[in-house]
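Let me begin by presenting the structure, written as structure tokens, before commenting on it.
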2 protein chains.
Amino acid sequence: MLDTIDKKILKLLQKNAKLTIKELAEELNLTTSPIFERIKRLEKEEIIEGYVALLNAEKVEKGQVVFCNVSMPIYTKENIDSFEKIVQSMPQVMECYHLAGMVDYQLKVFVKDIKEYDSFLKKMAEIQVVKVHSSAIVLHNVKYSTVISVD
Amino acid sequence: MLDTIDKKILKLLQKNAKLTIKELAEELNLTTSPIFERIKRLEKEEIIEGYVALLNAEKVEKGQVVFCNVSMPIYTKENIDSFEKIVQSMPQVMECYHLAGMVDYQLKVFVKDIKEYDSFLKKMAEIQVVKVHSSAIVLHNVKYSTVISVD
DNA sequence: AGTGAAATGACCCGAGA
DNA sequence: TCTCGGGTCATTTCACT
């Protein structure tokens, strides 16, 4: 499905989506046309999901990351759907995973500071179908990457 | 520091970095020049950290997400530096946070399947300065976003 | 699947309000 | 800070290998 050239294109575009087709072509010893066609194919097959700008969270006053662990005491389809919809609409929640383990869900939340996280927790408390189990405050970010290894 | 127009530009580029300056200009009822200048300023001030392509993890055979929680029994500067460097060099580790709480670090790991996670755990076991405390398998992804709310 | 060339369109900059 | 306009460069398509 993906040959060596495709993988190299994906590796490079994951690091820098602003690389021109010409630059990619030079790097991979090809002309622009095949690179162009390959990128279009990777987009069409949705291997490339999109291109986004990444911001510095601290510089936009969302530098505090907190993980919020919640459980769902009454585990029904209605409660699952309801909770997941709410979470998807909350802009502070960057990520949410349904886990196999002690807690049912883990939310990664971006806030300005702990005070703002306190407000967030109050909103969570209003969601009847889940109970906040615990919070884990991030002291510092060791690694954040969007680059998936395609080797 | 950021006015309404800057915030709108950031909001749009976080969703789709392929928007042309012309399209942004039309959306915001301006000409291309001010949009161009503003984007250059946001890049220079590193509010925009970069532009990346996002891939579909399942389609590149990295569809299994696992959170790996580790603790560091002997908490010294040397051990911290050593561990953080190793983590940063591991391509399976997408994210790693130093936490205030029961466990010291949480790693978000992308693997093909549980078998591949088993191999990963064996590598973690070789790192002398940390002990794997627990793993949380992701059943499904409820939300994943790179868009930070700048309102 | 690749090259090369030509048209289309985006980026980028300077002059002026 | 903005508009307008033009030169330069990247993207996209196509005929051919």
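Each chain gets a letter, A, B and so on, in the order the sequences are listed, and its residues count up from 1. Note that the structure is predicted; figures quoted are calculated from it, not measured.
- Of the residues near DNA chain D, A:Phe36 and B:Ile5, the one whose nearest nucleotide (by heavy atom distance) lies more toward the 5' end is B:Ile5.
- Distance A:Glu26 CD to D:dC9 P: 13 Å, rounded to the nearest Å.
- With respect to A:Leu107, the side chain to side chain contact (heavy atoms under 4.5 Å, CB included) criterion is satisfied by exactly one of A:Met94, A:Glu95, A:Met124: A:Met124.
- Applying the 3.5 Å distance criterion, the base of D:dC4 shares a donor-acceptor pair with the side chain of B:Ser33.
- Protein atom NZ of A:Lys18 is 14 Å distant from nucleotide atom P of D:dA10, rounded to whole Å.
- Close to C:dC12, at under 4.0 Å from its OP1 or OP2, lies a side-chain N or O of B:Lys40.
- Salt-bridge check for B:Lys122 with B:Asp118: passed, with a basic side-chain N closer than 4.0 Å to an acidic carboxylate O.
- Rounded to an integer number of Å, the gap from CD1 of A:Ile9 to C1' of C:dA1 is 13 Å.
- The CG-P distance, from A:Leu2 to C:dA1, rounds to 13 Å in whole Å.
- Salt-bridge check for A:Asp6 with A:Arg38: passed, with a basic side-chain N closer than 4.0 Å to an acidic carboxylate O.
- Distance, A:Ile35 CD1 to C:dG4 P: 14 Å, rounded to whole Å.
- Atom-to-atom, OH of B:Tyr51 to P of D:dA10 comes out at 17 Å; the value is rounded to the nearest Å.
- To the nearest angstrom, C1' of C:dA1 lies 16 Å from CG of A:Asn29.
- Distances shown here put a side-chain N or O of B:Arg38 below 4.0 Å from the OP1 or OP2 atom of D:dC2.
- With no hydrogens or angles considered, no side-chain donor-acceptor pair links B:Gln64 and B:Asp113 at under 3.5 Å.
- One atom, CD1 of B:Ile39, and another, P of D:dC2, lie 12 Å apart when rounded to the nearest Å.
- Comparing atom distances between the B:Lys22 side chain and each of C:dA10, D:dC2, D:dA10 picks out C:dA10 as nearest.
- A salt bridge links A:Glu116 with A:Lys62: the distance from a Lys NZ or Arg NE/NH1/NH2 to an Asp or Glu carboxylate oxygen falls below 4.0 Å.
- Side-chain proximity of A:Thr32 to D:dC2, D:dT12, C:dG4: nearest is D:dT12.
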